[in-house]
Amino acid sequence: MLPDVLLMHAVREKEAMNEAIYSVSELNLMIKSLLEGNRTFANIQIQGEISNFKRYASGHCYFTLKDAGGVLKAVMFRNQARSLRFEPQNGDTVIAIGRVGVYERDGVYQLYTDLMLPLGAGDLMLAYEQLKKKLTEEGLFDSERKRELPLNPKTVGIITSPSGAAVRDMITVSRRRNRGIKLLLFPVKVQGDGSAAEIVRAIEFMNKNRLADVLIVGRGGGSIEDLWAFNEEPVVRAIAASEIPVVAAVGHETDFTLADFAADRRAATPSQAAELVVADADAYLRYVEELTARGQRVVLHRVEQAQHKLQRLQGSWTLTKPERWQQPLQQRTDMALRQLQSRMESILQQRQHKFSLLAAQLDALSPLTVLARGYSITKTEAGKALRSIEDVRWGDEIRTQVADGDVVSVVQQVERREEE
């Protein structure tokens with residue numbers, strides 16, 4: 001099936017191309033889109049007489065609704081048909097609630113039925129739908145406002161009839177799950193005149209005095225008229241306003257009241273409400289025992305691992321022959337000493353070589369070495385090196401130093417050498 005957007009896109013393309021010819025499937029889909037897109041047909045109540053009713057092995061029900069002026073095909077699929085509280089018969093006048101859609105293969109429109117009631121319950125269902133719509137728009141049923149139930153409540157408040165099977169079921173289940181749980185019953189009428197007011201008063205009293213950790217509000221199954229107190233607006237608002245979390249347990253699994261939508265949790269039956277609210281003490285004990293056993297296994301496993309490790313260490317050569325543990329260290333120490341000794345010898349040789357070079361350079365610069373090669377140094381009587389004839393006069397005593405001694409002489413004559 002084409003989505004509506006694709007269908008309308010295809011229609012616009014045909015119009016743009018001035019094509020006025022549609023296939024049967026396209027026309028059926030266009031009608032289906034127009035019909036199912038109208039909110040009027042999304043939740044509609046139809047009164048009519050049943051004919052050609054047939055329930056198939058699959059659980060789906062097919063039938064026709066008719067009146068004096070026409071007929072309407074209808075279908076009620078298995079999941080919805082389970083909620084039927086009577087077996088429809090040909091000739092029954094009923095109120096069918098659902099949506100109108102198109103079965104495009106056959107080109108027919110039909111009522112997809114969600115709920116069917118015998119004639120007479122129609123007024124109640126109309127009031128139900130109107131109040132549901134009003135409270136939904138107020139946000140009274142929003143999931144965001146619902147609270148979690150306490151994990152392990154000590155006191156459970158039960159608001160129901162003291163004489164019905166529902167209260168006995170809740171007490172039995174609660175005691176079986178936790179023998180130490182405290183149950184506080186607030187007896188009320190659950191149907192008939194004044195029942196809604198009693199339920200409201202009980203909820204408000206429990207909240208005002210904080211008598212319980214969680215409340216169960218409900219009753220056993222019945223007709224829509226029997227359950228109607230739980231569709232009354234004061235009851236629904238009292239449940240929504242409760243500061244104590246509320247579990248609604250009204251009727252059987254297929255029964256839905258407005259109290260179910262307002263409560264923090266819905267239970268399919270009163271017995272299930274007790275299971276939701278009362279923690280299973282035996283399950284907790286089993287869980288604790290399981291955790292204890294698991295902890296013991298973990299500890300034993302770690303002890304065994306430690307014992308195996310100790311045995312390996314006790315048999316290792318590190319403990320049985322500690323000298324073998326020292327030998328590698330000694331060997332590494334010897335190698336380090338040898339490397340250090342070699343390094344020191346290398347450094348010493350480098351230093352000696354450098355010293356020899358410096359000594360040779362120093363010896364080469366020594367004046368004694370110059371004298372040994374046949375040179376001499378002449379000094380004045382004052383010990384100043386004689387550099388010029390200007391440094392002496394006739395008769396001055398001078399001293400000439402050679403390699404193996406000094407020669408003392410007197411200046412007899414001073415001659416200036418002519419420049420070439």
Side-chain angles (χ1 to χ4, degrees), residues 59 78-87 114-115 117 121 124-125 128 132 141 143 146-153 155-179 181-192 195-196 198-199 202-203 206 212-232 235-236 238-240 242 244-283:
R78 178 178 61 250
N79 290 339
Q80 289 73 32
R82 288 174 179 170
S83 65
L84 283 171
R85 305 192 67 82
F86 71 104
E87 184 62 25
D114 296 322
L115 184 65
L117 301 168
L124 288 179
M125 286 308 303
Y128 175 95
K132 180 181 178 183
F141 304 149
S143 58
K146 299 183 184 299
R147 293 163 296 178
E148 292 292 332
L149 302 182
L151 184 62
N152 189 19
T155 303
V156 177
I158 300 176
I159 300 175
T160 189
S161 170
S163 59
V167 67
R168 293 194 298 272
D169 292 342
M170 286 187 279
I171 293 174
T172 299
V173 173
S174 299
R175 296 300 186 201
R176 185 184 71 241
R177 292 175 66 83
N178 185 354
R179 290 180 293 276
I181 192 70
K182 182 179 179 181
L183 301 176
L184 187 60
L185 174 64
F186 196 116
V188 296
K189 290 173 60 177
V190 292
Q191 69 183 73
S195 56
E198 288 192 18
I199 296 170
I203 295 172
M206 285 286 196
D213 301 310
V214 62
L215 298 178
I216 299 177
V217 180
R219 56 155 292 158
S223 66
I224 186 172
E225 292 86 358
D226 295 337
L227 306 180
W228 192 253
F230 297 91
N231 289 320
E232 294 281 357
V235 172
V236 179
I239 290 174
S242 174
I244 302 173
V246 177
V247 175
V250 183
H252 300 301
E253 184 174 358
T254 56
D255 296 321
F256 270 90
T257 65
L258 298 181
D260 294 316
F261 296 108
D264 296 296
R265 288 286 295 276
R266 175 190 180 262
T269 63
S271 296
Q272 189 190 57
E275 292 178 352
L276 287 173
V277 167
V278 181
D280 188 345
D282 291 337

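If you read the sequence from its start, that first residue is 1, and numbering goes on from there.
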Side-chain donor/acceptor of [X] to backbone N/O of [Y], under 3.5 Å:
X      : Y      : result
Arg175 : Ile181 : yes
Asp264 : Val246 : yes
Glu198 : Val188 : no

If you compare all heavy atoms of [X] against all heavy atoms of [Y], which two are closest, and at what distance to 0.1 Å?
X      : Y      : answer
Phe230 : Val235 : CA-CG1, 4.4 Å
Glu148 : Pro245 : O-CG, 4.1 Å
Ser174 : Met170 : OG-O, 2.7 Å
Ser242 : Ile203 : CB-CG2, 4.2 Å
Asp213 : Pro150 : O-CG, 3.7 Å
Gly218 : Val250 : CA-CG2, 4.1 Å

For the residue pair [X] and [Y], establish whether any side-chain heavy-atom pair is separated by less than 4.5 Å.
X      : Y      : answer
Leu185 : Thr160 : yes
Val173 : Val278 : no
Arg219 : Lys189 : no
Phe261 : Val236 : no

Note to self: Under a 3.5 Å threshold, yes or no: a donor from one side chain and an acceptor from the other, between Thr257 and Asp260?
What the structure shows: yes
Next item on the list: Tell me, yes or no, whether the heavy-atom count around Glu87 atom CD, taken from other residues, nucleotides or ligands under 6.0 Å, exceeds 12.
Entry: yes
